[in-house]
Chemist: 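Before I ask anything, let me first share the structure, which is written out below as structure tokens.
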Amino acid sequence: MTDSITLRRPDDWHLHLRDGAMMQGVLPETARHFARAIIMPNLVPPVVTHADARAYHARIMAALPKGMSFDPLMVLYLTEGTDPEDVAAAAASGLVKAVKLYPAGATTNSNSGVRDFDKVRPVLEKMAEIGLPLCVHGEVTDPNIDIFDREAVFIDTVLDPLRRAIPGLRVVMEHITTSQGVDYARAGGDDLAATITTHHLIINRNHILSGGIKPHYYCLPVAKRETHRLALRAAATSGDARFFLGTDSAPHVDAAKEQACGCAGCFTATNTMPLLAHVFEEDGALGQLEAFTSRNGPAFYRLPVNEATMTLTKGAPAEWPDKILTEAGPVTVFDPGFPVHWHVAD
Ligand SMILES: NC(=O)N[C@@H](CC(=O)O)C(=O)O
Ligand SMILES: [Zn+2]
Ligand SMILES: [Zn+2]
């Protein structure tokens, strides 16, 4: 029985750090384990321009506790007013590693997102030219489409036509939750990849809705039925270079989650690595964990693998705080609902 595994230090290719007091509280949770993270730009107001990204990067570095190292990889929020030249300059400077597409209304703070794809065509063409990845929240926003079908419908009606219209555009399908997402990513070339979250490898929709409603399991895209979770597990543990970790750790204070109209987002920054070791071991795939957390992401983003390593060991039941107490309020840490025995060694 394997009870220790050493990997290159992991990165998180989809993370919400927020801003201000919330960021101050949650940043150490990520920086403790992850060398780098793709920082989602859905602040209010969003991170739209090169200058916005520079300012946000400075705020993140200022919030980082002394003695911790962390490299935030900045992302611009695509709006219908985004200037292709500003995007190109932000990429050329090395600060910005991707642009994020939120269909307007699809998720938290997506109101500044895209309604008319013709308006963003010049930006997307520029990105294809310079090889800058587009990270996509892949759900349609049509209220007539069932929420459990919104990812699959997005792939057919938006993503596939978009990729055909802009050949060479490099795309990351963010937080895929369906077998259709897995199949589509697998069918792509080296210009297509997909991130998978920790929680979507662990919960299906029953966990949210059966035996009482669990607001801390509610996120977008919403977890689907068990067959989809199993497809995600197979993809993540396969070693296939197109799949890599994006936790989508998305902190909301408890008061915003535990109410009549609760926010979407699971907070997994604290315990992702122990949870993933558990999941990969369960599937007999511990040997593929490093590909998923530490190798496939840098390869797609054309960045070097981290030099440092992380060791995970198996032992007594792992413990982590139920909540992270930020100055903005308490944030509940994702509870997998089963004991975990993997620990990140100091
Ligand atoms: N995933 C979520 O449920 N929420 C994210 C937004 C997102 O990634 O879609 C958030 O910003 O809270
Ligand atoms: Zn999203
Ligand atoms: Zn997200």
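Numbering of ligands and ligand atoms starts at 1, following listing order.
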Chemist: Please state which option from Asn42, Asp248, Thr108, Val222 has its nearest heavy atom closest to atom 1 (N) of ligand 1.
Modeler: Asp248

Chemist: Would Thr178 and Lys224 satisfy side chain to side chain donor-acceptor pair (under 3.5 Å), going step by step from the backbone distance to the final call?
Modeler: CA-CA 7 Å; Thr178 59; Lys224 309 297 191 295; over 6 Å; no

Chemist: Side chains of Thr6 and Thr311: closer than 4.5 Å at any heavy-atom pair?
Modeler: yes

Chemist: Would you call Ile196 and Ile176 a side-chain contact if the rule is heavy atoms closer than 4.5 Å?
Modeler: yes

Chemist: With ring-ring contact (aromatic ring centres under 6.0 Å, His included) as the rule and sequence neighbours excluded, what pairs involving residues 100-149 come up?
Modeler: Tyr77-Tyr102, His137-His175

Chemist: Measure the CG-OG distance between Asp283 and Ser238 for me, rounded to the nearest 0.5 Å.
Modeler: 11.0 Å

Chemist: Quick one: does Met40 get a heavy atom under 4.0 Å from ligand 1?
Modeler: no

Chemist: Distance from Leu78 atom CG to Leu134 atom CG, nearest 0.5 Å?
Modeler: 6.5 Å

Chemist: Enumerate donor-acceptor pairs with a distance under 3.5 Å from any side-chain N or O in residues 336-346 to protein atoms, sequence neighbours excluded.
Modeler:
residue, atom, partner, partner atom, Å
His341, ND1, Gly315, O, 2.9
Trp342, NE1, Glu281, OE1, 3.1
His343, NE2, Ala316, O, 2.6

Chemist: Going by atom type alone, with no hydrogens or angles, which donor-acceptor pairs under 3.5 Å involve a side-chain atom of residues 10-17 and a protein atom two or more places apart or on another chain?
Modeler:
residue, atom, partner, partner atom, Å
Asp11, OD1, Arg36, N, 3.2
Asp11, OD1, Arg36, NE, 3.0
Asp11, OD1, Asn306, ND2, 2.8
Asp11, OD2, Arg36, NE, 3.4
Asp11, OD2, Arg36, NH2, 2.8
Asp11, OD2, Asn306, ND2, 3.2
Asp12, OD1, His14, N, 3.1
Asp12, OD1, Thr247, N, 2.8
Asp12, OD1, Thr247, OG1, 3.4
Asp12, OD2, Thr247, OG1, 2.4
His14, ND1, Glu174, OE1, 2.8
His14, NE2, His16, NE2, 3.3
His14, NE2, Asp248, OD1, 2.9
His16, ND1, Asn42, OD1, 3.0
His16, NE2, Asp248, OD1, 2.9

Chemist: Quick check on contacts: which atoms of ligand 1 are under 4.0 angstrom from a heavy atom of His175?
Modeler: 8 (O), 9 (O)

Chemist: Got the closest protein heavy atom to atom 5 (C) of ligand 1, with its distance?
Modeler: His16 NE2, 3.6 Å

Chemist: By the definition side chain to side chain contact (heavy atoms under 4.5 Å, CB included), identify the one residue from Ile203, Asn204, Asn206 that meets it with Glu226.
Modeler: Asn204

Chemist: How far apart are the C-alpha atoms of Asp160 and Tyr184, what are their side-chain angles, what is the distance that settles it, and do they pass the side-chain contact (heavy atoms from CB on, under 4.5 Å) test?
Modeler: CA-CA 9 Å; Asp160 193 60; Tyr184 189 77; 2.6 Å; yes

Chemist: May I ask whether Glu174 has any heavy atom positioned less than 4.0 angstrom from an atom of ligand 1?
Modeler: no

Chemist: So, does Arg18 sit close enough to ligand 1 that a heavy atom of it is under 4.0 Å from the ligand?
Modeler: yes

Chemist: Donor-acceptor pair, distance only, cut-off 3.5 Å: does the side chain of Arg121 make one with the backbone of Ala165?
Modeler: yes

Chemist: List ligand 1 atoms under 4.0 Å from Cys219, heavy atoms only on the residue side.
Modeler: 3 (O)

Chemist: How many protein N, O or S atoms sit closer than 2.8 Å to the Zn ion (ligand 3)?
Modeler: 3

Chemist: Short list, please: which atoms of ligand 1 are under 4.0 Å from a heavy atom of His252?
Modeler: 12 (O)

Chemist: Between CG of Asp118 and CG of Leu124, what distance do you get to the nearest 0.5 Å?
Modeler: 10.5 Å

Chemist: What protein heavy atom sits nearest atom 4 (N) of ligand 1, and how far off is it?
Modeler: Ala264 O, 3.1 Å

Chemist: Which atoms of ligand 1 have any heavy atom of His137 under 4.0 Å away?
Modeler: 9 (O)

Chemist: So which heavy atom in the protein is nearest atom 3 (O) of ligand 1, and how far is it from that ligand atom?
Modeler: Leu220 N, 2.8 Å

Chemist: For atom 9 (O) of ligand 1, which protein heavy atom lies nearest, and how many Å away is it?
Modeler: Thr107 OG1, 2.7 Å

